[in-house]
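Bear in mind the structure is a predicted one, so any value in this text is a computation, not a measurement. Every chain is numbered from 1 and lettered A, B, ... according to where its sequence line falls, protein lines coming before strand lines.
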There are 2 protein chains.
Amino acid sequence: MSHISPPIERCDCEVIHQDVVNQVRSTLPSEESLYDLAELYKVFGDSTRIKILWSLDAAEMCVCDIAVLLNMTQSSISHQLRILKQAHLVKNRKEGKIVFYSLDDEHVRQILDQGMIHLTE
Amino acid sequence: MSHISPPIERCDCEVIHQDVVNQVRSTLPSEESLYDLAELYKVFGDSTRIKILWSLDAAEMCVCDIAVLLNMTQSSISHQLRILKQAHLVKNRKEGKIVFYSLDDEHVRQILDQGMIHLTE
DNA sequence: TGAACATATGAACAGTTGTTCATATGTTCA
DNA sequence: TGAACATATGAACAACTGTTCATATGTTCA
């Protein structure tokens with residue numbers, strides 16, 4: 001039933017297993033979902049943000065606390081917290097002029113743990 | 001027992017909760033571990049690599065198959081596969097001149113799933 | 001109200017990264 | 001052996017990203 005497949009112009013090589021390609025294609029999530037997933041991991045893919053997340057896993061903290069803890073400028077931390085918040089990884093509450101940040105939900109912890117498990121193998 | 005903390009020169013703001021900072025600092029993994037964790041997520045943080053991983057979750061494939069499936073050049077896919085392999089996310093086996101790639105272990109699936117769960121909330 | 005302070009933000013710059021192009025490597029088969 | 005093909009790789013370029021610097025916003029308190 002399977003014939004030798006004709007070459008496809010977009011790619012600089014022949015299709016080796018067209019049936020496999022078709023099968024896999026049918027199981028792939030939407031382009032948009034995969035893009036969003038990559039964007040999510042991109043947020044985790046920075047040392048500073050990882051440190052912030054791991055810190056907030058231990059305790060709620062204000063921007064200044066985090067800056068001191070990580071020995072970085074307040075501005076830098078603030079920029080990163082904005083990115084983390086946009087990705088729904090952290091949330092904040094205001095108390096006077098102080099803004100306290102914390103992890104948004106339990107999933108964030110699980111994602112961090114899962115990654116760490118992969119490393120320690 | 002808690003006194004007002006003196007300002008620390010490295011940061012452009014006062015320490016608000018020195019006790020919290022100290023406590024969190026004691027629970028943080030090593031600088032190196034957190035760096036490695038960020039590096040791991042950085043690998044997941046690219047659309048092309050996410051597509052490759054998700055594809056390999058469905059079936060073992062050769063470089064050419066993936067290139068056709070994702071409508072990208074063989075060179076680009078090959079470059080990305082090297083990065084994925086260095087991160088121990090994929091493995092390969094050779095059969096003549098064809099190289100088949102597959103997910104390295106079960107953790108990769110779990111990390112992908114965990115991320116997707118976070119998105120669909 | 002105005003000084004002091006915690007936080008946010010825009011612009012700019014340097015460092016990083018993904019793709020492309022050209023080409024190399026390594027395998028098969030006639 | 002040499003042509004054909006699957007894959008790998010180095011260099012270069014454009015696009016993206018994190019930090020810094022300057023400054024704005026918003027709150028407290030004397």
Side-chain angles (χ1 to χ4, degrees), chain A residues 4-8 10-17 20-21 35 38-39 41-52 60-87 90-101, chain B residues 4-8 10-17 20-21 35 38-39 41-52 60-87 90-101:
Chain A
I4 293 170
S5 308
I8 292 188
R10 290 298 193 92
C11 175
D12 54 354
C13 56
E14 316 283 320
V15 177
I16 308 293
H17 313 90
V20 173
V21 170
Y35 177 83
E39 289 301 304
Y41 285 122
K42 204 170 286 183
V43 178
F44 283 90
D46 175 79
S47 287
T48 301
R49 290 193 291 267
I50 281 285
K51 287 178 194 168
I52 293 175
E60 174 188 67
M61 279 188 289
C62 66
V63 178
C64 183
D65 285 347
I66 302 171
V68 171
L69 172 64
L70 303 183
N71 196 30
M72 297 185 67
T73 64
Q74 172 271 323
S75 175
S76 180
I77 299 298
S78 184
H79 277 300
Q80 298 297 4
L81 283 169
R82 185 161 56 89
I83 293 174
L84 290 169
K85 198 181 176 199
Q86 283 170 349
V90 306
K91 61 189 174 188
N92 58 17
R93 71 183 175 83
K94 216 167 171 183
E95 199 167 282
K97 61 186 171 184
I98 301 179
V99 180
F100 289 96
Y101 282 84
Chain B
I4 292 167
S5 307
I8 293 190
R10 289 297 192 92
C11 175
D12 54 354
C13 57
E14 316 284 320
V15 178
I16 308 294
H17 313 90
V20 173
V21 171
Y35 177 83
E39 289 302 302
Y41 285 123
K42 203 171 287 184
V43 177
F44 283 90
D46 174 79
S47 288
T48 301
R49 290 192 291 266
I50 281 284
K51 288 177 193 168
I52 293 175
E60 175 188 66
M61 279 188 289
C62 67
V63 179
C64 184
D65 285 347
I66 301 172
V68 171
L69 172 63
L70 303 184
N71 197 28
M72 296 184 68
T73 65
Q74 173 271 323
S75 175
S76 181
I77 298 298
S78 184
H79 277 300
Q80 298 298 2
L81 283 170
R82 185 162 56 87
I83 293 173
L84 290 169
K85 197 178 177 205
Q86 283 171 349
V90 306
K91 61 188 174 189
N92 58 16
R93 71 182 175 85
K94 218 167 169 182
E95 199 168 280
K97 60 186 173 186
I98 301 179
V99 179
F100 289 96
Y101 282 84

*Asks:* Considering just the side-chain nitrogens and oxygens of Arg82(B), establish if one lies under 4.0 Å of OP1 or OP2 belonging to dT9(D).
*Replies:*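 Checking Arg82(B) against dT9(D): at least one side-chain N or O falls below 4.0 Å of OP1 or OP2.
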*Asks:* Could you tell me whether the side chain of Asp65(B) and the main chain of His17(A) form a donor-acceptor pair under 3.5 Å?
*Replies:*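 Looks like yes, one N/O pair under 3.5 Å.
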*Asks:* Testing Val90(A), Ile52(A), Ile77(A), Leu84(A) one by one against Tyr101(A) for a side-chain contact (heavy atoms from CB on, under 4.5 Å), which residue passes?
*Replies:* Val90(A)
*Asks:* Could you provide the dot-bracket string of DNA chain C, using ( ) for intrastrand pairs, [ ] for crossing pairs and | for bases paired to another strand, with Watson-Crick or G-U pairs below 3.5 Å?
*Replies:* ||||||||||||||||||||||||||||||
*Asks:* Any donor-acceptor pair under 3.5 Å linking the side chain of Arg49(A) with the backbone of Lys42(A)?
*Replies:*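 Side chain of Arg49(A) to backbone of Lys42(A): a pair is present.
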*Asks:* Applying a 4.0 Å non-hydrogen cut-off, can you work out what Lys42(A) is touching in the nucleic acid: base, sugar-phosphate, or nothing?
*Replies:*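 Contact class for Lys42(A): sugar-phosphate only.
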*Asks:* Between Ser78(B) and Ile83(A), which residue's closest nucleotide on DNA chain D lies nearer the 5′ terminus?
*Replies:*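 On the 5' side of the pair lies Ser78(B).
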*Asks:* Applying the side-chain contact (heavy atoms from CB on, under 4.5 Å) criterion to Gln80(A), which one of Val63(A), Val43(A), Thr48(A) satisfies it?
*Replies:* Thr48(A)
*Asks:* With a cut-off of less than 4.0 Å, is there a side-chain N or O of Ser76(B) near OP1 or OP2 of dG18(C)?
*Replies:* no
*Asks:* Return no unless some side-chain N or O of Tyr101(A) is found under 4.0 Å from OP1 or OP2 of dA8(C).
*Replies:* yes
*Asks:* Counting distance alone, no hydrogens or angles: does the base of dT7(D) have a donor or acceptor under 3.5 Å from a partner atom on the side chain of His79(B)?
*Replies:* no
*Asks:* Kindly say if Ser75(B) contacts the phosphate of dT20(C), meaning a side-chain N or O under 4.0 Å from OP1 or OP2.
*Replies:* no
*Asks:* Is there a donor and acceptor pair, one atom on the side chain of Gln74(A) and one on the base of dA6(C), closer than 3.5 Å?
*Replies:*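 Between dA6(C) and Gln74(A), which were checked side chain against base, a qualifying N/O pair under 3.5 Å is absent.
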*Asks:* Should Thr48(A) be listed as having a side-chain N or O under 4.0 Å from OP1 or OP2 of dT19(D)?
*Replies:* yes
*Asks:* Return the 5'-most residue of the pair Arg49(A), Phe100(B) with respect to DNA chain D, ranking by each residue's nearest nucleotide.
*Replies:*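 It is Phe100(B) whose nearest nucleotide is closer to the 5' end.
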*Asks:* Distance check: side-chain N/O of Gln80(B) vs OP1/OP2 of dT17(C), anything under 4.0 Å?
*Replies:* no
